[in-house]
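Sharing a structure, written as structure tokens. Questions coming.
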Protein chains: 2
Amino acid sequence: MKSRRDDLVETALKLFYIHGFNATGIDRILAESGVAKMTLYKHFRSKDELILAALQLRDERFRNWLMAEMEKSSTDPEERLLSMFPALETWFLGKAFKGLGFSGCAFINAAGEFGDQAHPAHRLAAEHKRRIVDYLSELCRDAGLPDPEDLAEQLALLKEGAIATAHVRNMPEAARTAEKMARILIEAAKARGGQPKA
Amino acid sequence: MKSRRDDLVETALKLFYIHGFNATGIDRILAESGVAKMTLYKHFRSKDELILAALQLRDERFRNWLMAEMEKSSTDPEERLLSMFPALETWFLGKAFKGLGFSGCAFINAAGEFGDQAHPAHRLAAEHKRRIVDYLSELCRDAGLPDPEDLAEQLALLKEGAIATAHVRNMPEAARTAEKMARILIEAAKARGGQPKA
DNA sequence: TATAAAACAGACAGGTCTGTATATTTGTCA
DNA sequence: TGACAAATATACAGACCTGTCTGTTTTATA
């Protein structure tokens, strides 16, 4: 039951992601979605609201995709953590989200265009990243790893570094570099921290 | 001996960095630099050329700043490598470049707005990142660390992750997280690789 | 089938954008 | 001082942008 609103947000997300927010005009979104202008302004007060809706959709889609990839890889929490990186590589290679290739992280891009920390899009980007850290924390705790919040921050930082590297330098293999690093850091955390739970 | 061209590029860099490339109109650059429009188009064919000139200036400035920070920290190559992270933190706190606070990495931002890998601005961003990896490689080699290119890629990835995290989530302390990780990874490289040169 | 809500097409207002044209002023150097 | 180059102010063309208005057609529901 796809509503016109859904068509609009879907098309907006695609164009914003590929071409950027400021560079994408409303008219193009309307043309590609086949929706009339008045319908847009019946559902959204402004282009900014459409941007926020698109980012909210992206947050949901991306986290669901990532979590599904990680959960299908294994039942072991530590292996799940490490499976984040092969998942990222399939994304970097453009195989993760149909229709959108890989144009970096939509939220890093949004923070770049909307530099002001107080801008709603920037805030939404920060929330997205925090939610992912929370998920990683949970997995670290499930894995019985010491200092799970700290380790989750480390793994999240590796993820951000891999994304930026893969995008700016066109280096999808950054995912494998990050994975190697993650293995070392996890082992170091184990060695340093208390004994694993088993 | 500051030319009008320099005024222009300087002002352009500042405004592009703070407000973004597409969001910054030429008129504003002209107003804030006090230069006439015809003068701009005498020095540059188009806004795109001005963008490239601004990014080239940024590349030079940023790398000179980073290398100077790292070289003044110590004469020991390994300590120099690690000093990248405190330097990054001063940048994240807005204390590095007068007039520009911290709005993330200008090149990550450029790659975000100009998503096409073939776009000159995107290519310039990739070159900037590669130059930094080259510098880190050199330091790794000087430090007698095993597999210096590989380790340089790891440290560069930590740098990108710290930048993205600091900007999107407003977390300057990401620099310290990255530094801790760097220490662990360097030790692991030493342990794994051949014996250090001394 | 009757009615109401939703989406449609298309014009338009008002602003901003890049880039150009013209004519005037400033600055430099001989 | 005279001549030449550089920079200036100002106006403007043409495109594009967001958002609004009007009136028609489609769609869903009762």
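In what follows, chains are A, B, ... by sequence order, proteins preceding strands, each numbered from 1.
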- prompt: When the distance from CZ of A:Arg28 to P of D:dC17 is rounded to whole Å, what number comes out?
  reply: 10 Å

Integer-rounded Å distance: C:dA7 C1' and A:Asp6 CG: 15 Å

message: Taking salt bridge (charged side-chain N to carboxylate O under 4.0 Å, His left out) as the definition, give me every residue that meets it alongside A:Glu127, ordered by chain and number, with sequence neighbours left out.
response: A:Arg131

statement: Here the distance between atom P of D:dT8 and atom NZ of B:Lys42, to the nearest Å, is 10 Å

- prompt: Okay, side chain of A:Glu113, backbone of A:Asn22: is any donor-acceptor separation there less than 3.5 Å?
  reply: yes

task: Could you tell me the separation between the CZ atom of A:Phe16 and the C1' atom of D:dT18, rounded to a whole number of Å?
output: 12 Å

message: In whole Å, I'd like the distance from the CD atom of A:Glu49 to the C1' atom of D:dG19.
response: 13 Å

field: Value in whole Å for how far the P atom of C:dA7 lies from CG of A:Leu8
entry: 10 Å

query: Parallel, tilted or perpendicular: which fits the ring planes of B:His122 and A:His167, with parallel below 30° and perpendicular above 60°?
result: perpendicular

query: Have A:Asp150 and A:Gln154 got a donor and an acceptor in their side chains that come within less than 3.5 Å?
result: yes

task: Using only side-chain N and O atoms of A:His43, determine if any of them is under 4.0 Å from OP1 or OP2 of C:dA6.
output: no

task: For A:Leu30 and C:dG10, give me the distance from atom CG to atom P, rounded to whole Å.
output: 14 Å

statement: note: A:Asp7, atom CG; D:dT27, atom P; distance rounded to Å ~ 14 Å

Pairs under 3.5 angstrom, nitrogen or oxygen only, protein versus nucleotides 19-25 of chain C, please.
unit_1 : atom_1 : unit_2  : atom_2 : d
C:dG19 : OP2    : B:Tyr41 : OH     : 3.0
C:dG19 : OP2    : B:Lys47 : N      : 2.8
C:dG19 : N7     : B:Lys37 : NZ     : 3.2
C:dG19 : O6     : B:Lys37 : NZ     : 2.7

- prompt: Of the non-hydrogen atoms in A:Pro172 and A:Phe92, which two are nearest, and what is the gap between them?
  reply: O-CD1, 3.5 Å

- request: Find which nucleotide of DNA chain D each of B:Arg4 and A:Thr24 is nearest to by heavy atoms, and output the residue with the more 5' nucleotide.
  value: B:Arg4

- prompt: Are side-chain N/O atoms of A:Thr11 and A:Ser33 paired as donor and acceptor at under 3.5 Å?
  reply: no

